[in-house]
Structure formats: structure tokens, C-alpha cells
Amino acid sequence: MTVRVGVIGAGMIGQDHIRRLTEVVTGAQVTAVTDIDAARAAEVAAGVGATALPTGADLIGSPDVDAVLVTSWGPTHAEHVLGAVAAGKPVFCEKPLATTAEDCLRIVDAERARGRRLVQVGFMRRFDAGYRQMKEVIASGSIGTPLIVHCAHRNPTVPDSYHSAMAAQDTAVHEIDVLRWLLDDEIVSAQVITPRATSKRFDHLKDPQLMYFETASGVRIDLEVFVNCQYGYDIQCEAVGEEGLVRLPDPAAVGVRSAGRHGTAVLQDWKGRFADAFDTEFREWVATVATGAEPTGPSAWDGYAATVITDAAVRSLESDGTVVTVDMKPRPAFYGGTA
């Protein structure tokens with residue numbers, strides 16, 4: 001079957017996903033679009049032969065929509081995801097699932113009440129080939145029990161609208177999700193330290209930030225978040241085990257030898273780095289919707305966990321590096337837990 005997708009939010013990421021669903025992923029058709037800017041929704045919808053609708057509720061209730069994609073402003077996510085769950089329609093929500101832990105739990109409770117998974121959250125790193133290879137290595141036991149993980153998340157620059165809490169909420173949140181998945185372990189504490197600040201930042205921003213996490217089994221994670229590194233978009237991850245280590249590969253790039261130097265290009269943004277991961281993410285989501293299966297990607301519970309952990313990191317940042325315990329509810333059996 002062709003999955004008819006309605007898109008709530010026609011901004012940059014919404015338009016990119018509409019292009020992906022239209023030009024890259026087979027078995028999907030964008031049939032409806034809505035946005036707070038009605039003119040933009042009409043223009044985007046016309047470009048793909050879809051209908052522009054006034055509100056998210058109208059889109060969710062449309063008989064021409066089988067599944068919902070939420071790419072609107074973060075504070076609106078909970079409303080739209082809850083509406084899709086109430087309608088019994090699969091919903092893919094870009095991160096964050098919601099901007100508060102309370103709203104995340106409302107979504108978790110609504111989905112559990114429906115009795116089946118309908119929600120997938122857009123943490124695309126789980127679909128990256130390199131991270132998937134790391135997951136296989138760790139799960140195989142070939143490096144032994146994981147002990148330490150070293151990570152870095154670097155951007156060349158960020159705009160003036162980027163503030164210090166976003167280092168956890170918008171940037172480190174990707175590492176937080178993928179590390180929970182890689183280690184199959186829960187993060188129980190967070191600490192954020194601010195070293196000497198780069199002169200390249202805006203004055204209101206604390207950058208770089210060093211984040212430290214501990215998991216329930218005692219794995220220690222260090223993460224450098226440096227969003228004004230100048231030289232490029234650089235994602236690093238290395239897991240150290242009792243018998244070896246596994247390192248995330250850098251993106252494939254040709255080596256150039258010239259003028260006495262040997263070098264490779266460094267990517268400049270997340271779009272180039274994770275384009276294939278985004279494509280895989282949507283191919284797999286559309287396939288589950290088409291067959292009536294439950295989504296296999298990040299769940300509503302994963303969205304809740306990420307929000308609770310980033311909240312702890314922000315509290316640590318705001319309290320000058322205090323170690324903050326992550327206040328997470330027990331994971332329900334519905335999501336593979338024991339509660």
C-alpha cells in the first residue's frame with residue numbers, strides 16, 4: 001500500500017522530510033500539509049500535489065491521512081502527538097517528543113491506553129550505519145563489558161538565538177539517546193562543567209561544555225559539546241571495554257595530497273553527515289506503517305527519557321557543575337521494562 005502522510009510543520013526540517021518522502025522513500029505520498037504560516041503551507045503543499053489544511057487537528061482527522069509527521073515548533077509537539085494517538089494513527093515526531101517530562105508522560109500514558117505502539121521519535125543516529133556497526137560490536141561482546149565512552153559533538157558555528165541550555169536540549173540530546181541504545185543501559189546522573197570559553201561565541205553562551213554521565217551499570221560517559229569550533233561538523237564516539245574498544249568511523253572522504261600536505265574534507269553541517277541515516281529512518285518507518293506493524297525506532301519512552309536526562313544536565317549547568325540525579329520513572333513493561 002501507499003502510505004498517505006500528513007505533515008504538521010512546513011519549516012526547514014518539515015520541507016526536507018517532505019522532499020525525502022516524495023523523492024527518496026518509496027511507498028509514501030504526502031497528502032496534506034499544515035503550518036502556522038498558512039501561505040507557506042499552501043506553497044509547500046502545492047509543490048507536491050497535497051492539500052493545505054488549516055490546523056493540525058484538521059490534518060490528523062483527515063480521511064486522506066494514514067500517518068502523521070510532526071515537524072512543528074517543539075512546544076506544539078505534545079498536542080499533535082496526543083491527537084494522532086487519540087485518532088489511532090501512527091505518528092512520527094521529530095525531537096523533542098515534548099518540551100516537558102510531564103507532557104512526555106501524558107503521551108506515554110495515552111499510547112499505553114491504546115494498547116499498541118503508535119509513536120516514533122526522530123532520533124536518527126540509531127539509523128546511521130556507523131552507529132549500527134558499533135551496536136553490533138558491543139552487543140557481540142567482542143570488546144568485553146563496556147567501561148567508558150568518549151564522545152564529541154562539534155558544530156562550526158551557531159546563531160545568536162542559540163543559548164546555553166540548548167547544548168543539552170538540542171545538541172547533546174542526540175548522544176544521550178544513541179548512548180542509551182548502544183549500551184542498553186540507563187543514564188542515572190548528569191554533570192556539566194564549563195571550561196575556558198571560546199572567544200568565538202556570542203557573549204550570552206557558555207561554550208564549550210563538558211558533560212559527564214553515569215549509567216545504572218556504572219559506565220562513565222564524557223561528552224564534549226563545542227558548537228563554535230569553526231572547522232566543521234564533527235561527531236566522535238569511542239566505547240572502551242574490558243578487552244578492546246570500538247570507534248565510530250568518520251564519514252568516507254577522499255584523501256588529497258598536494259603542496260606537501262595530505263588532507264580530507266570535513267563536513268560542515270548535520271544534513272551531510274546524517275543524510276543516509278534520515279533516509280533509512282523514514283524507509284523503515286514507512287515500511288512498518290504500510291504493513292500495520294508497530295514502529296521499531298525510538299519510542300515515546302525514549303523521548304521521555306531524553307527529556308528527563310537533558311533536564312538534569314541543564315540543572316547541573318545552572319548550578320555550576322553539581323552532579324544531578326536523573327529523576328526517571330520506572331520503565332513500563334509496555335516499553336520493555338519491568339514496571
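Small disclaimer: the values here were computed from a predicted structure and weren't measured.
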Qualifying residue for side-chain hydrogen bond (donor to acceptor under 3.5 Å, both in side chains) with D207, from T198, T194, N228: N228
4.5 Å side-chain heavy-atom contact, L183 and V149: yes
V192 versus S316, closest heavy-atom pair with distance: N-OG, 2.8 Å
Step-by-step side-chain contact (heavy atoms from CB on, under 4.5 Å) determination, L82 to I107: CA-CA 6 Å; L82 285 167; I107 294 168; 3.9 Å; yes
Electrostatic pair R126:D302 at N-O distance under 4.0 angstrom: yes
Short side-chain to backbone donor-acceptor contact, Q209 and A167, under 3.5 Å: no
D177/R125 salt bridge by N-O under 4.0 Å criterion: no
Cluster check I221, V137: I/L/V/M/F/W/Y, side chain < 4.5 angstrom: yes
Full working for side-chain contact (heavy atoms from CB on, under 4.5 Å) between S161 and M166: CA-CA 10 Å; S161 58; M166 292 173 69; 6.0 Å; no
Steps toward salt bridge (Lys or Arg N to Asp or Glu O under 4.0 Å) verdict (E284, R132): CA-CA 14 Å; E284 294 187 9; R132 286 187 160 184; 3.0 Å; yes
Between CZ on residue F278 and NZ on residue K271, distance to nearest 0.5 Å: 9.5 Å
Side chain proximity check, C151 to L179, heavy atoms < 4.5 angstrom: yes
More than 12 heavy atoms of other groups within 6.0 Å of R19 CZ: yes
Any side-chain heavy-atom pair of D222 and L210 under 4.5 Å: no
Aromatic ring pairing F274/Y131, orientation class (parallel under 30°, perpendicular over 60°, tilted between): parallel
Distance-only side-chain donor-acceptor flag, S217 / D185, under 3.5 Å: yes
Separation between CD1 of I60 and CD1 of I8, rounded to the nearest 0.5 Å: 4.0 Å
Expected output: side-chain Y304 to main-chain K329 donor-acceptor under 3.5 Å: yes
Closest contact, heavy atoms only, V65 versus A32: CG2-CB, 3.8 Å
Minimum heavy-atom distance F127-G297, with the two atoms named: CZ-CA, 4.0 Å
Within-4.5 Å side-chain heavy-atom neighbours: H17 and L69: yes
Heavy-atom side-chain contact between D128 and R273 under 4.5 Å: yes
Euclidean distance, Q15 CD relative to T22 OG1, rounded to 0.5 Å: 11.5 Å
Sidechain N-carboxylate O distance under 4.0 Å for D109, R106: no
From NE2 (H150) to CG (L248), nearest 0.5 Å: 14.0 Å
Worked check of side-chain contact (heavy atoms from CB on, under 4.5 Å) between Y335 and E111: CA-CA 11 Å; Y335 297 103; E111 187 177 50; 2.5 Å; yes
Interatomic distance, I309 atom CD1 to D327 atom CG [nearest 0.5 angstrom]: 11.5 Å
Atom CD1 of I36 with >12 non-hydrogen neighbours under 6.0 angstrom: no
Main-chain N/O of V266 paired to Q268 side chain as donor or acceptor, under 3.5 Å: yes
D269 atom CG: more than 12 heavy-atom contacts under 6.0 Å: yes
For the student: nearest non-hydrogen atoms of A239 and I143, plus distance: O-CD1, 3.9 Å
T31 (side chain) donor-acceptor with D64 (main chain) under 3.5 angstrom: yes
Aromatic ring pairing W285/F92, orientation class (parallel under 30°, perpendicular over 60°, tilted between): perpendicular
Hphob cluster co-occupancy, W270 + V225, side-chain heavy atoms under 4.5 angstrom: yes
side-chain contact (heavy atoms from CB on, under 4.5 Å) between E79 and D103, worked out: CA-CA 9 Å; E79 170 193 352; D103 276 345; over 6 Å; no
Side-chain donor/acceptor of K95 to backbone N/O of D170, under 3.5 Å: yes
T99 side-chain N/O to P75 backbone N/O, donor-acceptor pair under 3.5 Å: no
Reported CD1-to-CD distance for the pair I148 and E238, which is rounded to 0.5 angstrom: 9.5 Å
Any donor-acceptor N/O pair, H77 side chain to E94 backbone, under 3.5 Å: yes
Polar side-chain atom of S164 near backbone of K206 as donor-acceptor pair, under 3.5 Å: yes
V44 to A10 - nearest heavy-atom pair and separation: CG2-CB, 4.1 Å
Heavy-atom closest pair, residues H174 and M124: CE1-SD, 3.8 Å
hydrophobic_cluster_shared for L205 and L317, side chain cutoff 4.5 Å: yes
same_hphob_cluster(M211, W181) at 4.5 Å side-chain heavy-atom cutoff: yes
More than 12 heavy atoms of other groups within 6.0 Å of D16 CG: yes
Test applied, side-chain hydrogen bond (donor to acceptor under 3.5 Å, both in side chains); reference residue, E224; option that passes from Q236, H153, R154: R154
W301 and M328, any side-chain heavy atoms less than 4.5 Å apart: yes
Heavy-atom side-chain proximity of E175 to I235 below 4.5 angstrom: yes
Linked, directly or transitively: V48 and V25 (ILVMFWY side chains, under 4.5 Å): yes
Close side-chain approach of V227 to T171, heavy-atom, < 4.5 Å: yes
